[in-house]
Protein chains: 2
Amino acid sequence: MGYPVGRAAELAGVTVRTLHHYDEIGLLTPGGRSAAGYRRYDDADLERLQRILLYRELGFTLEEIAVILDDPDTDPRAHLRRQHGLLLDRIARLRQMVAGVEFLMEAHKVGVNLTPEEKFEAFGDFDPDAYAAEAQERWGDTDAYAQSARRTSGYSKDDWVRIRAESEDLNARWVAALDAGEPAEGRVAMDLAEEHRLQITKFYYDCSYEIHTGLAEMYLADERFTANYENQRAGLARFVHDAILANAVARA
Amino acid sequence: MGYPVGRAAELAGVTVRTLHHYDEIGLLTPGGRSAAGYRRYDDADLERLQRILLYRELGFTLEEIAVILDDPDTDPRAHLRRQHGLLLDRIARLRQMVAGVEFLMEAHKVGVNLTPEEKFEAFGDFDPDAYAAEAQERWGDTDAYAQSARRTSGYSKDDWVRIRAESEDLNARWVAALDAGEPAEGRVAMDLAEEHRLQITKFYYDCSYEIHTGLAEMYLADERFTANYENQRAGLARFVHDAILANAVARA
DNA sequence: CGTGCGCCCTGCCGCTACGTGAGAGTCAAC
DNA sequence: GTTGACTCTCACGTAGCGGCAGGGCGCACG
């Protein structure tokens with residue numbers, strides 16, 4: 001009983017070498033060996049293999065996959081839900097790119113000349129807030145992120161333009177507040193924080209005060225977000241962070 | 001004029017090292033250099049870079065991308081259309097995987113026990129006919145494939161179950177015909193060929209006799225398809241091929 | 001005028017996730 | 001008992017960069 005390596009590879013649609021590799025690095029060790037030393041894969045092995053391949057398709061490294069799969073308090077159902085969410089997210093991202101290509105096709109047809117900046121923007125260096133939901137969910141397991149993916153996947157090109165405009169507007173006002181020397185715990189900054197929270201709720205997912213403070217922490221901890229704010233104004237990341245916390249404490 | 005490497009990298013959302021690498025392998029050589037030997041990227045370079053990144057996201061190797069981009073008779077519009085189609089295809093594939101995950105979740109909830117084969121099938125080693133459209137279009141430039149992607153992306157889990165069932169039913173009858181010793185140019189085989197053509201039209205895209213014969217050739221030429229048929233019965237690939245050709249000649 | 005500081009250059013070594021043999025044993029079939 | 005398909009274990013090769021070393025630019029600031 002159990003499948004030999006060739007059969008397992010065929011079933012999963014991978015090469016024998018790949019299975020050898022996974023065995024070498026300890027990612028997928030077959031349940032047993034025959035007398036002659038042949039690998040024998042049982043049903044549990046194949047189930048694990050399937051999960052590996054799905055996470056791999058989603059862009060995780062083999063090391064990350066090992067961590068995810070060997071986490072003791074993640075049952076099969078949690079894996080399926082997470083994979084489901086991540087897949088929806090990928091689709092949302094691809095849809096955004098489709099919208100970008102359609103936008104460029106339009107521009108080309110009408111003969112509009114776009115600056116390089118505009119061209120790259122068409123695809124979006126993915127919006128930080130949408131991205132945040134992903135990061136949040138990647139290891140957590142709420143459904144804020146799945147909600148985000150579901151909603152963003154329904155957005156049209158025009159929607160994205162509107163969303164981008166509103167986001168940039170709010171951003172400009174953050175910068176203005178910082179430049180004006182507003183205190184992060186003051187009325188103005190806290191109102192901006194509240195507006196920020198409502199904007200996320202409106203476009204992506206229900207952003208509670210708790211989630212919002214979580215985002216604020218990430219704005220400081222994750223350099224991708226830090227850079228996003230700091231590129232606009234030195235100290236802006238910390239300013240936004242502090243304002244969000246003050247706002248959450250005051251209103252919650 | 002022209003952007004320095006750091007600025008170009010920032011615009012495109014890649015690292016400087018990546019641009020160096022593309023320069024090294026000749027995939028993207030900056031339009032000029034400053035007096036001090038600094039790379040200077042002009043607008044045309046950035047446009048090329050954007051195309052590179054999109055094709056890369058779609059899974060092409062850098063070498064393949066070079067071939068695609070340096071093909072003299074592919075204008076910007078053709079690139080956009082191709083990218084648009086390929087993106088829709090990726091989305092369709094991911095949707096199929098989503099459906100697969102949902103199917104597994106259902107099965108898990110109801111407590112159904114699936115064999116490993118069934119589990120891997122849930123995601124589909126992608127249906128050959130849908131795949132065919134892709135291969136057809138990847139280098140050609142009709143829109144059969146885009147049509148296929150558009151339609152399949154709208155299919156639900158239940159739809160896929162039905163499609164799979166119908167496909168397998170037809171497949172079984174091909175096998176039966178071959179086993180029964182039916183001639184490939186006979187009535188029975190030709191009727192199966194016609195049914196095959198209509199099934200593709202129904203589920204994926206308008207399959208003309210011309211396209212159909214194209215598919216038949218591919219069933220013999222591309223080992224992924226050959227294997228698909230030969231795994232069921234030796235000689236089946238050739239049998240299907242001959243029947244499709246006979247049918248096309250007789251009816252067209 | 002020099003002296004940081006940030007950006008740029010060219011090697012070059014390292015890493016991941018395998019591909020691709022080489023050389024040898026295994027197993028079912030004829 | 002031999003053939004052909006499958007398996008094993010080294011072991012080196014490859015793609016697409018990441019990251020660091022050692023060294024030039026270039027402009028501001030004192």
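In what follows, chains are A, B, ... by sequence order, proteins preceding strands, each numbered from 1.
Among the atoms of the strands shown, none is found under 4.0 Å from any heavy atom of B:Val16. Contact annotation for B:Arg33: backbone-only contact, meaning every heavy-atom pair under 4.0 Å involves sugar-phosphate atoms and none involves a base. Using a 4.0 Å heavy-atom cutoff across all strands shown, B:Ile25 reaches no nucleic acid atom at all.
Proximity of B:Arg56 to the phosphate of D:dC17: a side-chain N or O atom is located under 4.0 Å from OP1 or OP2. Remark: A:Arg39 is not in phosphate contact with D:dT7, judged by side-chain N or O atoms under 4.0 Å from OP1 or OP2. Between B:His20 and D:dC17 there is no side-chain polar atom (N or O) within less than 4.0 angstrom of OP1 or OP2. For A:Arg7, no side-chain nitrogen or oxygen approaches OP1 or OP2 of D:dT7 to under 4.0 Å. Remark: B:Tyr22 is not in phosphate contact with D:dG16, judged by side-chain N or O atoms under 4.0 Å from OP1 or OP2. In this structure, B:Arg17 does not reach the C:dC15 phosphate: none of its side-chain N or O atoms is under 4.0 Å from OP1 or OP2.
Taking CD1 from B:Ile25 and CD from B:Glu63, the interatomic distance works out to 8.5 Å, rounded to the nearest 0.5 Å. The CG atom of A:Leu69 sits 5.0 Å away from the NE2 atom of A:His79 when rounded to the nearest 0.5 Å. Taken from CD1 in B:Ile65 to CG in B:Leu28, the straight-line distance is 11.0 Å, to the nearest 0.5 Å. Once rounded to the nearest 0.5 Å, the distance linking CZ of B:Phe60 with CD1 of B:Ile68 reads 4.5 Å. The CZ atom of B:Arg51 lies 7.5 Å from the CD atom of B:Gln83; values are rounded to the nearest 0.5 Å.
Nearest heavy atoms, A:Leu192 versus A:Ala177: CD1-CB, 3.8 Å.
Following rounding to the nearest Å, B:Phe60 (CZ) and D:dA15 (P) show an atom-to-atom distance of 18 Å. Look at CD on A:Glu10: it is 10 Å from P on D:dT7, rounded to the nearest Å. What separates OH of B:Tyr41 from P of C:dC8 is a distance of 10 Å, to the nearest Å. One can place CD of B:Glu63 at 12 Å from P of D:dT14, the figure rounded to the nearest angstrom. Atom OH of B:Tyr55 and atom P of D:dG16 are 16 Å apart (whole Å). Between B:Leu58 atom CG and D:dG16 atom P there is a gap of 15 Å when expressed in whole angstrom units. Distance, B:Leu19 CG to C:dC8 C1': 13 Å, rounded to whole Å. In this entry the distance linking CG of B:Asp23 with P of C:dT10 reads 7 Å, nearest Å.
The only option from B:Asp23, B:Asp70, B:Asp42, B:Asp43 that meets the salt bridge (charged side-chain N to carboxylate O under 4.0 Å, His left out) definition with B:Arg48 turns out to be B:Asp70.
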Exercise. Run the side-chain contact (heavy atoms from CB on, under 4.5 Å) check on A:Leu49 and A:Tyr41 step by step: do they pass?
Worked result: CA-CA 10 Å; A:Leu49 176 54; A:Tyr41 292 86; over 6 Å; no

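The listed nucleotides are C:dA17, D:dT9, C:dC9; the one nearest the side chain of B:Val5 is C:dC9. Distances from the side chain of A:Thr15 to the nucleotides D:dT9, C:dG19, D:dG16 place C:dG19 closest.
Nearest-nucleotide mapping onto DNA chain C: of B:Pro4 and A:Thr18, the residue sitting toward the 5' end is B:Pro4.
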For this session: Would you give a per-nucleotide map of nucleotides 23-30 of chain C, 5' to 3', where B means the base has a protein non-hydrogen atom under 4.0 Å away, S means only the sugar-phosphate does, and - means neither?
Result: --BBS---

